[in-house]
Amino acid sequence: MKAKLTLSILFLFLGLTTFSYATEKNGEENEKNAVLRVNISGKLKLCSFDDKGFAFIDIKGGNPPYKISSRNKVSDHILSDLNPGTYTVFIEDKDGNKVEERFVVQPPMPIFAEILEIKNANIESNELGTAKLGIKNFDNSTLKIEWSHGLKDKELAENLKAGSYFVKVSDESSCETTIYFEVKESSNSDYSFSIPTKKTYISEIVSKDSPVKWMGKKFSKEELKAIADEITSNMNDK
C-alpha cells in the first residue's frame with residue numbers, strides 16, 4: 001500500500017514537471033511567433049551642431065536571427081554618428097517577416113541663460129547677496145536649474161555670501177549650459193561725495209546700501225540728502 005502511494009506521488013510530480021516545461025516552451029514559441037516589432041531609443045536630440053546622435057534598435061517577436069539594414073552603418077544593433085535628420089531601418093527575421101521603422105534625430109535647440117541681476121553682500125549691515133537668473137528654451141521642454149550652493153529649480157538665488165558661484169540649466173535630453181558669476185563684498189563706505197567750487201552741491205552714491213558712514217558718523221540716505229540740501233541752500237544764500 002505504501003509503495004503504491006509512493007509511485008502515485010512520483011507520477012504526479014513527473015506529470016506536473018512535464019506540464020510546467022511544456023508551458024514554458026510554448027511561451028517561448030509564442031514569443032518567437034509574435035508579430036515582429038521594433039523600438040528605437042538612444043540620443044535622439046543633439047545639444048550642439050558639433051554633437052552626434054546614436055540609436056539603439058530593440059527587436060521583439062518574430063524568429064531570430066534578425067537582419068538589420070540601413071543607409072548608416074549598424075553595429076550590435078546600434079546606429080552611431082548621426083546628424084540631425086530622419087532615418088529608416090529595415091528588419092527581417094529568419095522566416096522572412098519584415099518591418100520598417102523610421103525615427104528622427106532632432107537638431108540642437110539652444111538653452112539661453114544669463115544672470116540678469118546681482119546684488120552684492122554688505123559686510124557692515126550683514127545683508128547677504130542675491131542673483132537673478134533669466135532663461136529661455138525654444139522647444140518648451142521642462143528645464144532643470146541647479147545652483148552651486150544647493151538651490152534647485154528657482155530663478156532667484158538669495159542669501160548668498162561673497163564668493164564665486166555657478167548655475168547649471170539642463171533640459172530633458174541632458175543638454176545643458178553653465179553660467180559662472182561672483183557675488184562681491186560691499187560696505188557702507190562705498191559712497192563718495194564732492195563739493196565743487198560753484199554754488200551747487202552734487203552727491204554721487206556708488207552703493208545703494210544704507211546706513212552710510214560719512215565724516216566718521218552713520219547717516220541714512222535720507223539724512224545725507226537733507227545735509228546736501230542744507231549745504232546747497234547755505235551756499236546759495238551767500
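Since the model is a prediction, treat every value here as computed from it, not as a measurement.
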Trainee: Tell me whether I145 is reachable from M109 by hopping between hydrophobic residues (I, L, V, M, F, W, Y) whose side-chain heavy atoms are closer than 4.5 Å.
Mentor: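 No, M109 and I145 fall in different hydrophobic clusters.
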Trainee: Can you tell me how far apart CD (E176) and CG (D171) are? Round to the nearest 0.5 Å.
Mentor: 9.5 Å
Trainee: Counting only N and O atoms by type, is there a donor-acceptor contact under 3.5 Å from the side chain of N97 to the main-chain atoms of D93?
Mentor: no
Trainee: Apply side chain to side chain donor-acceptor pair (under 3.5 Å) to T142 and list each qualifying residue two or more places apart in sequence or on a separate chain.
Mentor: E172
Trainee: Please name the pair of heavy atoms, one in Y66 and one in G61, separated by the smallest distance, quoted to 0.1 Å.
Mentor: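 Taking every non-hydrogen atom into account, OH-O, 2.5 Å.
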Trainee: Could you tell me the separation between the CD1 atom of I68 and the NE2 atom of H77, rounded to the nearest 0.5 Å?
Mentor: 4.0 Å
Trainee: Show your working on side chain to side chain contact (heavy atoms under 4.5 Å, CB included) between N72 and V74 and close with a plain yes or no.
Mentor: CA-CA 6 Å; N72 296 75; V74 182; 5.9 Å; no
Trainee: Hey, what do you get for OH (Y180) to NZ (K168), rounding to the nearest 0.5 Å?
Mentor: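 One finds 9.5 Å between OH of Y180 and NZ of K168.
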Trainee: Rounded to the nearest 0.5 Å, how far does NZ of K132 lie from CD of E158?
Mentor: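 Going from CD on E158 over to NZ on K132, the span is 11.5 Å.
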Trainee: Considering only heavy atoms from C-beta outward, does the side chain of D153 approach that of K144 to under 4.5 Å?
Mentor: yes
Trainee: What pair of heavy atoms forms the shortest contact from A121 to V183, and how long is it?
Mentor: N-CG1, 3.8 Å
Trainee: So, the side chain of W147 versus the backbone of K154: is there a donor-acceptor pair under 3.5 Å, distance only?
Mentor: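 Indeed, once roles are kept as given, a pair shorter than 3.5 Å links the two residues.
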Trainee: Out of curiosity, I179 CD1 to I135 CD1, how far, rounded to the nearest 0.5 Å?
Mentor: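 These two atoms lie 9.5 Å from each other.
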Trainee: What heavy-atom pair brings C47 and P108 nearest, and what distance separates the two atoms?
Mentor: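 Looking at all heavy atoms of both residues, the closest pair is C-CB, 3.7 Å.
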Trainee: Given side chain to side chain contact (heavy atoms under 4.5 Å, CB included), test D51 with K43 step by step and report yes or no.
Mentor: CA-CA 10 Å; D51 203 5; K43 186 175 184 179; 2.7 Å; yes
Trainee: Taking atom types as modelled, is there a side-chain donor on K52 or N83 under 3.5 Å from an acceptor on the other?
Mentor: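 N83 and K52 do have a side-chain donor-acceptor pair below 3.5 Å.
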Trainee: Assess whether a salt bridge exists between D81 and K73, defined as any Lys/Arg side-chain N lying under 4.0 Å from an Asp/Glu carboxylate O.
Mentor: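 Result for this pair is no, no salt bridge flagged.
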Trainee: Check I57, I40, V105 against L79 for a side-chain contact (heavy atoms from CB on, under 4.5 Å) and give me the one that passes.
Mentor: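 Per the side-chain contact (heavy atoms from CB on, under 4.5 Å) rule, the option paired with L79 is I57, out of I57, I40, V105.
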Trainee: Are side-chain heavy atoms of E100 and R102 found at a separation under 4.5 Å?
Mentor: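 In short, these two side chains touch, coming nearer than 4.5 Å.
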